[in-house]
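Working notes for the structure below.
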There are 2 protein chains.
Amino acid sequence: MDRVTLHHDLREHHRKLTRARQAVLEILTQANRHLTPAAVYRKAKIKYPHLGLTTVYRTLDLLVELGYIRRIHFADGCHSYAATAQAHGHHLVCSVCGRAEEFGNCDLEALMKSLQAKTGFEISVHVLELMGLCPECRAKSRAPKRKK
Amino acid sequence: MDRVTLHHDLREHHRKLTRARQAVLEILTQANRHLTPAAVYRKAKIKYPHLGLTTVYRTLDLLVELGYIRRIHFADGCHSYAATAQAHGHHLVCSVCGRAEEFGNCDLEALMKSLQAKTGFEISVHVLELMGLCPECRAKSRAPKRKK
DNA sequence: TCTCCAATTGAAAATAATTTTCAATTACGG
DNA sequence: CCGTAATTGAAAATTATTTTCAATTGGAGA
């Protein structure tokens, strides 16, 4: 999660701890929401102006590989990224404010077992994304009387 | 599923039944696997050589909207499409041969209810994709002794 | 069957998202 | 500090998708 651990993980893979990588991870861990590569770039560039977009793409891949962040797949085909705390977590994303809540035990075991039995498939990968309204945005949308 | 139903559904939306649309749907319903837009284009062009790629994109969107096909999201961010029989189905996809098996009742109800209670989110959309090896490809990979 | 018009089409251009290339720079083990 | 492999950013290239627009076509109604 933090810089020390990252440095250690990187060393194990013969990779270096650079300012670009620190900036990208920092932005995502502090954001508490999902961010597109372009948004990460915009925000991280403030902390580290020399940063390039290419490096953001490369760093996002690396951080996914190391398990620090996760790629989120939207129904419309867009992608963004959010920081992770758990090893096999998923994200519950607010479609209004973008807040990304992590949850573990997606509990697809039963479903997968029954499908393996029924179809003979050997399931190895799953993509699961849940989207909706977070409590705050729900409240706002329920009482939309305000301005003007 | 078939032409008659499609014609009817299209009419309800003030849309027309065209040769391009028939060709695209036919390719997907006969394929029994997922296909990228480019692959649909390649195959459908054989049936209807005048077809353009732009129309394939537009038709895929339309058929998703009408529920005839479903978009499949891969972990790496690629997309393809597969024909559907059920209204709220998902696809179980073979990562080797691409075969797409449809299944219903993904049974995320329990998970979603517990998450709604725990987080206060109001979940409205879910993306669920399962990938693995179909029985045939499993058999082949288990006994890979053959050529040469 | 014929007519008419909105819906549809394909080609080309435009856009968006991502990746590759490459020479210059940087982190870090020794 | 030094040497070197890893990393970087800019620019170019690639890929996927969308927009534009004039020409065509399906099908409801005469």
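All values derive from a computational prediction rather than experimental measurement. Proteins get letters first, then strands, A, B, ... in listed order; numbering begins at 1 in each.
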**Report entry** A:His7 vs C:dC28: side-chain N/O to OP1/OP2 distance below 4.0 Å
**Finding:** yes
Query - Short side-chain N/O contact from B:Arg21 to OP1 or OP2 of C:dT9, under 4.0 Å - result: yes
Query - Residue pairs involving residues 105-123 of chain B (criterion side chain to side chain donor-acceptor pair (under 3.5 Å); sequence neighbours excluded) - result: A:Arg138-B:Glu122
Report task. Mind checking side-chain hydrogen bond (donor to acceptor under 3.5 Å, both in side chains) for B:Glu129 and listing every partner two or more places apart, or none if nothing turns up? Result -> none
Query raised in the report: For nucleotides 17-26 of chain C, read 5' to 3', which letter fits each nucleotide if B means a protein heavy atom sits under 4.0 Å from the base, S means only the sugar-phosphate is that close, and - means neither?
Result: SBBBB----B
Requested in this report: Output yes when at least one side-chain N/O atom of B:Arg15 is less than 4.0 Å from OP1 or OP2 of C:dT8, else no.
Outcome: yes
Query raised in the report: Any chance the side chains of B:His73 and A:His79 put a donor and an acceptor closer than 3.5 Å?
Result: no
Query raised in the report: When all nucleic acid strands are considered with a 4.0 Å heavy-atom cut-off, which category describes B:Ala38: base, sugar-phosphate, or nothing?
Result: nothing
Report task. Mind calculating the distance between CD (B:Gln22) and C1' (D:dG26) to the nearest angstrom? Result -> 11 Å
Requested in this report: Not counting sequence neighbours, which residues clear side chain to side chain contact (heavy atoms under 4.5 Å, CB included) with B:Glu65? List them please.
Outcome: none
Requested in this report: Using the test side chain to side chain contact (heavy atoms under 4.5 Å, CB included), find all partners of B:Thr54 that sit at least two apart in sequence or belong to another chain.
Outcome: B:Arg58
Query raised in the report: Quick one: A:Asp76 CG to D:dT17 P, roughly how many Å, whole number?
Result: 12 Å
Query - For A:Phe74, ring-ring contact (aromatic ring centres under 6.0 Å, His included) partners two or more places apart - result: A:His34
